[in-house]
K.L.:
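Supplied in structure tokens, the structure appears directly below.
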Amino acid sequence: MFTQSCFIRKNSDKLRTDLDHIRKRNLSQKRMPILVSTFDYFYSVRNSAEGIENMILNGLTDCGTNEELFLAIAALRDDTDKDQWFTDGANWEQCDRNDWIDNISSLCVGGRYNYDKDGELSESFHKATVEELIDHFK
């Protein structure tokens, strides 16, 4: 299930297509100035100071106009790693598979990642938190 709600102060065909890819749904609604992604739904809303304030008060992360940040937060879920960002604090990778371990195994060419004494991938890599995503994409 998706775990984070967020909104972006823009709405474009490309952004809706990218969100469709993450959410596996078709967003065919009219374009409004703000695109909102909630736990199991996304939609467009009109831009108003009161509406934005209510979204923030209800725990939605304001991504401003940052599309990368919006899509990274909208992708956060607890039942798959696909489309989510992982970091060890210095390196960042977006998972293109359902499981991070399968994904990272395909990326470990040329000693780019740290392994422990047992040959296991360093546990320093983890799914990025909302705070880490905000810091990374701003």
K.L.:
Nearest 0.5 Å please: distance from the CG atom of Leu57 over to the CD1 atom of Ile52.
P.N.:
12.0 Å

K.L.:
Check whether any side-chain heavy atom of Leu15 sits under 4.5 Å from a side-chain heavy atom of Leu71, and report yes or no.
P.N.:
yes

K.L.:
I'd like to know if the side chain of Trp85 pairs up with that of His136 as donor and acceptor (distance under 3.5 Å, no hydrogens or angles considered).
P.N.:
no

K.L.:
Please confirm whether the backbone N or O of Thr87 pairs with a side-chain atom of His126, one donor and one acceptor, at under 3.5 Å?
P.N.:
yes

K.L.:
Taking all heavy atoms of Cys6 and all of Ala74, pick out the closest pair and write down the distance.
P.N.:
SG-N, 3.8 Å

K.L.:
Roughly how far, to the nearest 0.5 Å, is CD1 of Ile22 from OG1 of Thr17?
P.N.:
11.5 Å

K.L.:
Search all heavy atoms of Arg9 against all heavy atoms of Thr65 and return the closest pair with its distance.
P.N.:
O-CG2, 3.8 Å

K.L.:
Within the structure provided, determine whether Leu133 and Leu76 are in side-chain contact (heavy-atom separation under 4.5 Å).
P.N.:
yes

K.L.:
Could you report the tightest heavy-atom contact between Trp92 and Glu132, atom names first, then the distance?
P.N.:
CH2-O, 3.6 Å

K.L.:
Which pair of non-hydrogen atoms, one from Asn66 and one from Leu69, has the smallest distance, and what is that distance?
P.N.:
OD1-N, 2.9 Å

K.L.:
In plain terms, say whether Arg16 and Asp20 are close enough for a salt bridge, that is, a side-chain N and a carboxylate O under 4.0 Å apart.
P.N.:
no

K.L.:
Closest approach of Arg77 and Phe2, non-hydrogen atoms and distance?
P.N.:
NH1-CZ, 3.1 Å

K.L.:
Calculate, to the nearest 0.5 Å, the distance between atoms CD and CD belonging to Glu93 and Gln84 respectively.
P.N.:
14.5 Å

K.L.:
Would you say that Asp62 contacts Met55 through its side chain, given a criterion of any heavy-atom pair below 4.5 Å between the two side chains?
P.N.:
no

K.L.:
Kindly compute the distance separating CG (Leu60) from CD1 (Ile8), expressed to the nearest 0.5 Å.
P.N.:
13.0 Å

K.L.:
What's the spacing between Asp13 CG and Asp18 CG if we round to 0.5 Å?
P.N.:
11.0 Å

